[in-house]
A.B. asks: 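Here you go, one structure.
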2 protein chains.
Amino acid sequence: MKRSISDRIEQYIKVLISRSDAQQIEIQRAELAETFSCVPSQVTYVLSTRFNGKDGYITESRRGGKGFVRITRISSSSPDCTRLQNDLEEMIAHMLEEQHLQESEAQLINYLLSALSEDLDEEQRHLVLSRMVKAIARYNSLHSK
Amino acid sequence: MKRSISDRIEQYIKVLISRSDAQQIEIQRAELAETFSCVPSQVTYVLSTRFNGKDGYITESRRGGKGFVRITRISSSSPDCTRLQNDLEEMIAHMLEEQHLQESEAQLINYLLSALSEDLDEEQRHLVLSRMVKAIARYNSLHSK
DNA sequence: ATCTAAAGGTCAATAATAGTCAAAGGGGTA
DNA sequence: TACCCCTTTGACTATTATTGACCTTTAGAT
């Protein structure tokens, strides 16, 4: 039930990326703003809040004539489990620092993670790991108030 | 048998959830308060007293324009998995009693469980659940002296 | 080389939501 | 009645979205 303009722009971009070959698209900021009847800076807002490194995207741009914004999905697309594992470790370390997690909870997560992903093939392991990344991220946002 | 406003809000939300197909609804706090002619913070009160983790729900929210409160019932499931689910619940209850688990850890497990097994087909769900059962069992034995 | 038009970026103000917390209210029950 | 626990309120706070004025960069024309 995502209804704000920012939400709809986010969805639109994600659909475009999922339809792309290289997990990458190029848009024109002003044109996209026109499509959604908003000011151009709102597109910038969406990019910075939903397509930043933390969310698994990188954005590059060029100003002036023939300018563009290129958005590339990096994290959750390649079946590279090591990367997900690193993401998780970073997230847990960060949550510990911020005291959103107790030491015992971090240990529990690590324990569950290894127990759940043990003996899985690459594809299944990737599934479990990426779900775990999302779940932990969400859990964190639930607890960081 | 007089029902308070909080009771009526509770019932209202539960009806909405039972009518939903994903055990999940999104409301606007101010709108719901308007419906029941109460202040918005009373909705927050109802959520925290009747829709918390201990009651089998998680609530998430977003402030700002087009904000919302999402309430999800975490119980579910299909018959085959029910047994595993029950096992898990019992184990967790037991570990809580024995103080091998803190309340916050139990909630973390429930959260991860629902996030990890969401949208899986029967077979995969069974796999995740049974691994979780094994993992928790092992975790328990590690933590009981 | 300079100028100009056409992009995109920054930042702060304003609006729209939801959360927090403590005080006040109300209904049972010893 | 006195007391307790749950409910109800509202002032204050926090977060997120939307808008617009002003700034910077780039390609192409002169």
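Just the heavy atoms: all of them, side chains too, but no hydrogens, waters or symmetry mates, feed the values below.
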A.B. asks: Please tell me which of the listed nucleotides, D/dT8, C/dA18, C/dT10, lies nearest to the side chain of A/Arg29?
C.D. replies: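 The listed nucleotide nearest to A/Arg29's side chain is C/dT10.
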A.B. asks: Taking distance alone, no hydrogens or angles, what donor-acceptor pairs closer than 3.5 Å link side-chain atoms of residues 39-50 of chain B to residues at least two apart or in another chain?
C.D. replies:
| from | atom 1 | to | atom 2 | distance (Å) |
| --- | --- | --- | --- | --- |
| B/Gln42 | NE2 | B/Ser6 | OG | 3.0 |
| B/Thr44 | OG1 | B/Arg29 | NH1 | 2.9 |
| B/Ser48 | OG | B/Thr44 | O | 3.3 |
| B/Ser48 | OG | B/Tyr45 | O | 3.1 |
| B/Thr49 | OG1 | B/Tyr45 | O | 2.9 |
| B/Thr49 | OG1 | B/Val46 | O | 3.4 |
| B/Arg50 | NE | B/Glu10 | OE1 | 2.9 |
| B/Arg50 | NH2 | B/Asp7 | OD1 | 2.6 |

A.B. asks: Please tell me if A/Ser4 has a side-chain N or O lying less than 4.0 Å from either OP1 or OP2 of D/dT16.
C.D. replies: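 Result: no.
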A.B. asks: Sub-3.5 Å donor-acceptor pair from the side chain of A/Arg131 to the main-chain atoms of B/Leu116, do we have one?
C.D. replies: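 Here the side-chain-to-backbone pair exists.
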A.B. asks: Between B/Asp7 (CG) and D/dT7 (C1'), how many Å, whole number?
C.D. replies: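 Interatomic distance, CG of B/Asp7 to C1' of D/dT7: 10 Å.
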A.B. asks: Rounded to whole angstrom units, what separation is found between the CD atom of A/Gln28 and the P atom of C/dG9?
C.D. replies: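 One finds 12 Å between P of C/dG9 and CD of A/Gln28, rounded.
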A.B. asks: Should B/Thr44 be listed as having a side-chain N or O under 4.0 Å from OP1 or OP2 of C/dA18?
C.D. replies: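 Result: no.
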A.B. asks: Is it the case that atom NZ in B/Lys66 sees more than 12 heavy atoms from other parts of the structure closer than 6.0 Å?
C.D. replies: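 At most 12 heavy atoms, drawn from other residues, nucleotides or ligands, come within 6.0 Å of this atom.
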A.B. asks: Quick one: is D/dT7 close enough that its OP1 or OP2 comes under 4.0 Å of any side-chain N or O from B/Arg50?
C.D. replies: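 Answer is yes, contact under 4.0 Å.
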A.B. asks: Take nucleotides 20-30 of chain D nucleotide by nucleotide from the 5' end and write B, S or -, depending on whether a protein heavy atom sits under 4.0 Å from the base, only from the sugar-phosphate, or from neither.
C.D. replies: B---BBBS---
A.B. asks: Specify the separation, in whole Å, of atom CZ of A/Arg70 and atom C1' of C/dA7.
C.D. replies: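 So the CZ-C1' distance, A/Arg70 to C/dA7, works out to 15 Å.
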A.B. asks: Once you round it to whole Å, what is the distance between C1' of D/dT15 and CZ of B/Phe68?
C.D. replies: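 Result: 12 Å.
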A.B. asks: Kindly point out which of D/dT7, D/dA17, C/dG8 is positioned nearest to the side chain of A/Tyr45?
C.D. replies: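 Nearest to the side-chain atoms of A/Tyr45, counting from C-beta on, is D/dA17.
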A.B. asks: Does CD in A/Glu34 sit with more than 12 non-hydrogen atoms of other residues, nucleotides or ligands closer than 6.0 Å?
C.D. replies: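 Atom CD in A/Glu34 is not packed in, count stays at 12 or less.
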A.B. asks: Reading DNA chain C from 5' onward, which residue's closest nucleotide shows up sooner: B/Leu47 or A/Ile27?
C.D. replies: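 Looking at DNA chain C, the more 5' nearest nucleotide goes with A/Ile27.
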A.B. asks: Give me the bend of the helix from C/dA1-D/dT30 to C/dA30-D/dT1, using the axes of the five pairs at each end, rounded to 10°.
C.D. replies: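 Here the helix ends are tilted 10° relative to one another.
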A.B. asks: Look at the side-chain N and O atoms of B/Arg3 and state whether any lies under 4.0 Å from the OP1 or OP2 oxygen of C/dG27.
C.D. replies: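 Checking B/Arg3 against C/dG27: no side-chain N or O falls below 4.0 Å of OP1 or OP2.
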A.B. asks: Is there a donor-acceptor pair closer than 3.5 Å between any side-chain N or O of B/Gln28 and the backbone N or O of B/Gly67?
C.D. replies: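 Yes; at least one donor-acceptor contact below 3.5 Å.
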A.B. asks: Looking at side-chain heavy atoms only, is the closest gap between A/Arg125 and A/Val128 below 4.5 Å?
C.D. replies: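 They are not in side-chain contact.
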A.B. asks: Nearest whole Å is fine: how far is D/dC6 P from B/Asn52 CG?
C.D. replies: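 One finds 13 Å between P of D/dC6 and CG of B/Asn52, rounded.
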A.B. asks: Could you give the CZ-to-P distance, from B/Arg8 to D/dT8, as a whole number of Å?
C.D. replies: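 These atoms are roughly 9 Å apart.
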A.B. asks: Is it the case that more than 12 heavy atoms not belonging to B/Glu103 sit under 6.0 Å from its CD atom?
C.D. replies: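 Correct, the count exceeds 12.
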A.B. asks: Kindly write out the residues that satisfy side chain to side chain contact (heavy atoms under 4.5 Å, CB included) with A/Asn52, not counting sequence neighbours, or none if the list is empty.
C.D. replies: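 Here the qualifying residues are A/Lys54, A/Asp55.
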A.B. asks: Holding to side-chain hydrogen bond (donor to acceptor under 3.5 Å, both in side chains), I want the full list of residues that pass it with A/Gln24, two or more places apart in sequence or in another chain.
C.D. replies: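 A/Gln24 satisfies side-chain hydrogen bond (donor to acceptor under 3.5 Å, both in side chains) with A/Thr72 once adjacent residues are dropped.
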A.B. asks: Who passes side chain to side chain contact (heavy atoms under 4.5 Å, CB included) against A/Gln102, sequence neighbours left out?
C.D. replies: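 Side chain to side chain contact (heavy atoms under 4.5 Å, CB included) check on A/Gln102 returns A/Ser104, A/Glu105, B/Gln102, B/Ser104.
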A.B. asks: Just how far, in rounded Å, is P of D/dC6 from CD of B/Glu10?
C.D. replies: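 Rounding to the nearest Å, CD of B/Glu10 and P of D/dC6 are 14 Å apart.
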A.B. asks: B/Ile9 has an atom CD1; how far is it from atom C1' of D/dT8, in whole Å?
C.D. replies: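 Atom CD1 in B/Ile9 sits about 10 Å away from atom C1' in D/dT8.
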